[in-house]
There are 4 protein chains.
Amino acid sequence: MCPLGLILNRLDKLFKVESRLVLSFIEQTRRTQIVNAAIEVLAEEGYARTSLARIATHAGISKGVITYHFKSKDELFAEVFRQVVEDAGLYIMPHIKTAGSPRERLSTYITLQIRYMAEHRSALLAIGQLAYNHGGDGAGADYISAATQDELGLLEQILAEGQATGEFRPFDCRIMALTVSKAIEAALTDWAWNPNLNLLAYGDEIVALFDHGLQAVSPAGAR
Amino acid sequence: MCPLGLILNRLDKLFKVESRLVLSFIEQTRRTQIVNAAIEVLAEEGYARTSLARIATHAGISKGVITYHFKSKDELFAEVFRQVVEDAGLYIMPHIKTAGSPRERLSTYITLQIRYMAEHRSALLAIGQLAYNHGGDGAGADYISAATQDELGLLEQILAEGQATGEFRPFDCRIMALTVSKAIEAALTDWAWNPNLNLLAYGDEIVALFDHGLQAVSPAGAR
Amino acid sequence: MCPLGLILNRLDKLFKVESRLVLSFIEQTRRTQIVNAAIEVLAEEGYARTSLARIATHAGISKGVITYHFKSKDELFAEVFRQVVEDAGLYIMPHIKTAGSPRERLSTYITLQIRYMAEHRSALLAIGQLAYNHGGDGAGADYISAATQDELGLLEQILAEGQATGEFRPFDCRIMALTVSKAIEAALTDWAWNPNLNLLAYGDEIVALFDHGLQAVSPAGAR
Amino acid sequence: MCPLGLILNRLDKLFKVESRLVLSFIEQTRRTQIVNAAIEVLAEEGYARTSLARIATHAGISKGVITYHFKSKDELFAEVFRQVVEDAGLYIMPHIKTAGSPRERLSTYITLQIRYMAEHRSALLAIGQLAYNHGGDGAGADYISAATQDELGLLEQILAEGQATGEFRPFDCRIMALTVSKAIEAALTDWAWNPNLNLLAYGDEIVALFDHGLQAVSPAGAR
DNA sequence: GATGAATGAGATTTCATTCAT
DNA sequence: CATGAATGAAATCTCATTCAT
């Protein structure tokens with residue numbers, strides 16, 4: 001499974017999407033309705049049990065509507081992916097750029113991701129299902145891998161800047177970026193199993209973990 | 001998805017297994033062959049694409065052989081689970097118990113898990129698929145949840161002991177146990193996408209992360 | 001095998017039917033077509049050889065059409081049962097209620113059942129197959145047993161009234177009701193094996209048998 | 001379903017049996033063991049659920065033993081049929097021939113059949129399953145029909161003699177023979193559904209029914 | 001004689017997709 | 001635009017039968 005939090009942009013290439021540039025309003029509405037139904041079914045039933053019939057029933061429409069608006073199940077799933085990722089990006093990105101020091105920016109990044117998760121449980125569980133189960137396709141796998149490599153850049157950049165400023169100790173930025181990303185994602189998957197989990201407390205612990213774990217050893221070396 | 005590294009014992013209850021106490025040699029051989037084929041298909045194709053037909057083809061046998069040796073697909077998956085978990089337990093447990101301080105024991109635990117992963121990539125990807133996709137069943141979900149709660153105890157105990165001895169700083173042991181477990185698992189899932197990943201280096205970074213991130217702040221507080 | 005002639009009402013409970021209240025005309029047409037095909041295959045081939053594939057072939061449609069219109073084979077069989085029983089009830093019931101003395105009513109009952117059989121050979125053979133072979137299921141068996149007990153009441157009542165009026169000699173009403181019911185059913189099963197059987201003559205003999213066999217011994221006792 | 005009580009002799013032709021004239025003792029023992037297991041499974045599980053595997057399990061032997069001793073499942077079923085019918089014939093025939101008047105002989109016939117049923121419930125339920133479910137074969141159907149026609153002769157003869165002696169009233173002997181036969185069989189099938197049924201009382205009612213129902217109307221005609 | 005192993009046909013069922021209306 | 005109808009592929013599972021040991 002690729003780091004969910006980092007799949008942000010090139011995901012439209014993951015599935016073979018033929019984007020129609022102009023969509024009527026009613027078309028857009030229907031698509032959104034179907035996408036939302038798909039998200040809920042994916043989150044509740046899991047990938048294997050998410051059939052077009054179930055999505056249609058959940059949306060209160062007929063099965064034919066789906067294949068009318070989406071050429072295939074894959075295209076629908078691609079749209080789910082795209083929509084969730086775009087939305088998450090819009091939520092998180094603005095705050096990221098305004099933060100201050102690398103250490104603060106890292107904390108902000110983690111906190112925002114967690115908060116977004118708390119507010120969009122189904123959407124994130126849904127793309128989790130897609131990411132986890134769409135791997136075998138070959139093309140898909142390559143793409144997700146590429147996307148991951150690509151998008152990890154943001155975290156890597158924060159970490160590298162922190163090392164440059166001396167805030168962070170030495171470590172492999174790429175690996176640590178992966179670890180940060182995965183620690184965040186872990187909160188979601190645990191939360192999926194255990195809905196009583198205090199997600200925000202979980203986030204605080206992750207923030208603290210990396211705050212302590214990445215900081216430069218004090219020059220005075222009192223340790 | 002439950003923390004893979006922690007599913008160690010009660011997994012035999014996850015699926016309803018009727019263990020025949022005595023199996024002939026040839027029977028055992030075939031079962032192992034089929035289990036291994038299932039592991040490889042799960043790892044390569046993913047849960048959704050792992051049909052009995054594909055497993056049979058992969059093993060070079062007819063479809064009927066599988067249902068002859070396993071009462072159902074579920075029983076086969078249960079055996080996959082059981083076999084991998086048993087093997088992992090035999091590999092890791094002996095070393096865990098002999099370690100010294102909590103800090104050292106934590107490092108050992110992480111290192112061993114990572115090393116085991118490096119040597120059993122397919123097997124761990126396979127049970128990852130099973131754990132992730134078998135959840136919706138209700139009973140399965142409950143069990144995995146229970147198993148997780150149960151098995152996290154080992155990590156929690158190490159962490160709590162470390163806090164008692166003053167080696168570790170204050171934190172929520174349960175959440176941190178989850179985070180450790182997930183960070184380990186993350187190495188595997190990233191490796192699945194990016195086979196060129198240096199898993200052992202990844203492990204070292206995780207060890208370092210928690211080594212730094214959990215340690216008690218020096219009383220002199222030079223920071 | 002339960003007495004076919006007596007399974008009249010509560011049969012909708014035998015199988016778990018989810019009745020959709022409103023069915024489109026084309027839907028109803030297809031369902032009827034499939035039900036009729038099922039009846040013919042059941043009557044000609046027997047329960048064990050009645051597969052969905054055979055029914056589809058007999059109806060000249062693809063296998064998928066059946067599972068599109070019926071959720072399962074059981075639901076199809078339930079509909080077969082329901083349709084035949086409903087039809088038989090509509091045919092027989094009106095005449096039953098208008099008859100006069102118990103002796104006459106018994107004769108009418110027998111005659112009507114036989115006449116209905118003569119005109120609906122396949123349908124009755126079909127539900128005979130269903131009744132005979134659906135018993136092992138537990139729930140089904142219990143229900144048929146219950147239905148039998150329940151519906152035998154009509155015959156029992158006629159017989160008891162005949163004893164009360166002095167038309168009939170003493171006998172165990174329940175057992176005799178069973179025997180009447182079975183004698184009627186017997187005509188059908190024999191007819192199934194021997195299509196040249198004169199079913200109506202058979203019916204007349206049954207009527208005569210019970211007419212003579214149940215009548216009160218004349219008080220003058222000239223016998 | 002053919003009249004069970006009358007299928008007595010030519011049943012070996014129903015299924016295609018290749019009789020080996022000489023069977024070793026051990027061979028005979030095994031065949032009997034398997035046949036008995038088949039009878040019990042047929043009676044308890046029904047035709048559709050009677051697989052070779054289940055029979056083998058019930059007999060405590062391996063599946064291969066069955067196909068070693070019987071060329072096919074059909075041959076096994078033929079043997080079941082043959083064995084039960086032969087046994088029933090040996091039980092009933094001696095008593096039939098020694099009886100007195102046609103009226104007495106009819107009563108004896110009915111009583112013996114019922115008594116035999118009471119003592120061989122499983123065996124008769126088993127061949128009931130076979131007779132009812134083997135009909136579609138064509139050849140089988142013809143044969144059973146022929147066998148029925150053939151064996152009904154015994155009853156027909158008793159009835160005809162009764163008419164000749166003036167004991168019985170006029171009726172169609174063939175049809176009445178069928179009805180007698182079916183009334184007896186009915187007791188069995190009801191008993192199968194309702195094990196609490198008092199089979200012997202049932203038999204007495206049948207005897208009384210035909211005793212009253214067939215007797216010649218008294219010349220004094222007091223009715 | 002006996003048995004476990006293996007196979008392939010066939011059963012029910014689910015489902016993505018196409019099509020006519 | 002929308003939908004119900006239809007289809008055929010594929011999945012799991014059962015089972016009679018064949019075969020090597």
Side-chain angles (χ1 to χ4, degrees), chain A residues 24 26-27 29-30 34 48-56 61-77, chain B residues 23-27 29-31 33-34 48-56 59-77, chain C residues 23-27 29-31 34 48-56 59-77, chain D residues 24 26-27 29-31 34 48-56 61-77:
Chain A
S24 73
I26 190 166
E27 169 94 2
T29 305
R30 265 279 192 252
I34 294 167
R49 304 176 70 86
T50 300
S51 65
L52 292 187
R54 250 182 276 264
I55 295 171
I61 57 178
S62 93
K63 208 170 46 169
V65 184
I66 299 177
T67 47
Y68 178 78
H69 289 282
F70 295 93
K71 198 163 51 186
S72 71
K73 198 186 187 187
D74 258 21
E75 201 201 290
L76 167 58
F77 282 170
Chain B
L23 295 178
S24 72
F25 173 72
I26 189 166
E27 167 94 2
T29 305
R30 261 282 189 256
R31 283 173 68 96
Q33 177 194 13
I34 295 167
R49 304 173 74 86
T50 301
S51 67
L52 294 187
R54 246 181 278 263
I55 296 171
I61 57 180
S62 100
K63 216 170 35 176
V65 182
I66 298 177
T67 48
Y68 175 75
H69 290 281
F70 296 91
K71 206 161 43 191
S72 69
K73 197 187 187 186
D74 257 23
E75 202 202 288
L76 167 58
F77 282 170
Chain C
L23 295 178
S24 72
F25 173 71
I26 189 166
E27 168 93 1
T29 304
R30 261 280 190 259
R31 282 174 70 95
I34 294 169
R49 305 173 74 86
T50 301
S51 67
L52 294 186
R54 245 181 279 265
I55 295 171
I61 55 179
S62 101
K63 216 170 35 177
V65 181
I66 298 179
T67 49
Y68 175 73
H69 289 280
F70 295 92
K71 205 160 43 188
S72 70
K73 197 188 188 185
D74 257 23
E75 203 202 288
L76 168 57
F77 282 169
Chain D
S24 74
I26 190 166
E27 169 93 1
T29 305
R30 265 279 191 252
R31 284 173 69 94
I34 295 167
R49 304 175 71 85
T50 300
S51 66
L52 293 187
R54 252 182 275 264
I55 294 170
I61 58 179
S62 94
K63 206 170 46 170
V65 184
I66 298 177
T67 46
Y68 179 77
H69 288 282
F70 296 93
K71 200 162 49 184
S72 71
K73 199 186 187 186
D74 258 21
E75 202 202 289
L76 167 58
F77 282 169

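Reckoned from all heavy atoms, side chains included, excluding hydrogens, waters and symmetry mates. Below, chains carry the letters A, B, ... as their sequence lines are ordered, and counting in each starts from 1. Source: prediction; values computed, not measured.
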Please give me the minimum heavy-atom distance between A/I34 and A/F70, naming the atom from each residue. CG2-CE1, 3.8 Å
Let me know the distance between CD1 of D/I61 and P of E/dA2, rounded to the nearest Å. 9 Å
Can you measure from CG (C/D74) to OG (C/S72) and round to the nearest 0.5 angstrom? 5.0 Å
Of the nucleotides F/dA6, E/dA2, F/dT7, which one has an atom closest to the side chain of C/H69? F/dA6
Heavy-atom nearest pair, A/K73 first then A/L52, reads CG-CD2, 3.8 Å
Can you check each nucleotide of nucleotides 14-21 of chain F against protein heavy atoms at under 4.0 Å and return B for base, S for sugar-phosphate only, - for none, in 5' to 3' order? BSBBB---
Taken to the nearest whole Å, CZ/A/F70 to P/F/dA2 is 12 Å
May I ask you to evaluate whether A/S62 reaches the phosphate of F/dG4, defined as a side-chain N or O under 4.0 Å from OP1 or OP2? yes
With A/R30, which residues qualify under side chain to side chain donor-acceptor pair (under 3.5 Å), at least two apart? A/Q33
To the nearest angstrom, how far is C/L76 atom CG from E/dA11 atom P? 15 Å
Under a cut-off of 3.5 Å for both distances of each Watson-Crick or G-U pair, what dot-bracket string does DNA chain E give, using [ ] for crossing pairs and | for inter-strand pairs? .||||||||||||||||||||
So, taking the atom named OG in D/S51 and the one named NZ in D/K63, what distance separates them when rounded to the nearest 0.5 Å? 8.0 Å
Shortest non-hydrogen separation from D/R49 to D/R54 and the atoms involved: O-NE, 2.5 Å
To the nearest 0.5 Å, what is the distance between CG on A/L76 and OG1 on A/T67? 10.5 Å
How close or far is atom P of F/dG8 from atom CD1 of C/I66, stated in whole angstroms? 13 Å
Kindly point out which of E/dA5, E/dT3, F/dA2 is positioned nearest to the side chain of B/I26? E/dA5
In whole angstroms, the gap separating C1' of F/dA6 from CD1 of C/I34 amounts to 11 Å
Show, in sequence, the C-alpha distance, side-chain angles and deciding distance for A/V65 and A/H69, and conclude whether the side chain to side chain contact (heavy atoms under 4.5 Å, CB included) test is met. CA-CA 6 Å; A/V65 184; A/H69 289 282; 3.6 Å; yes
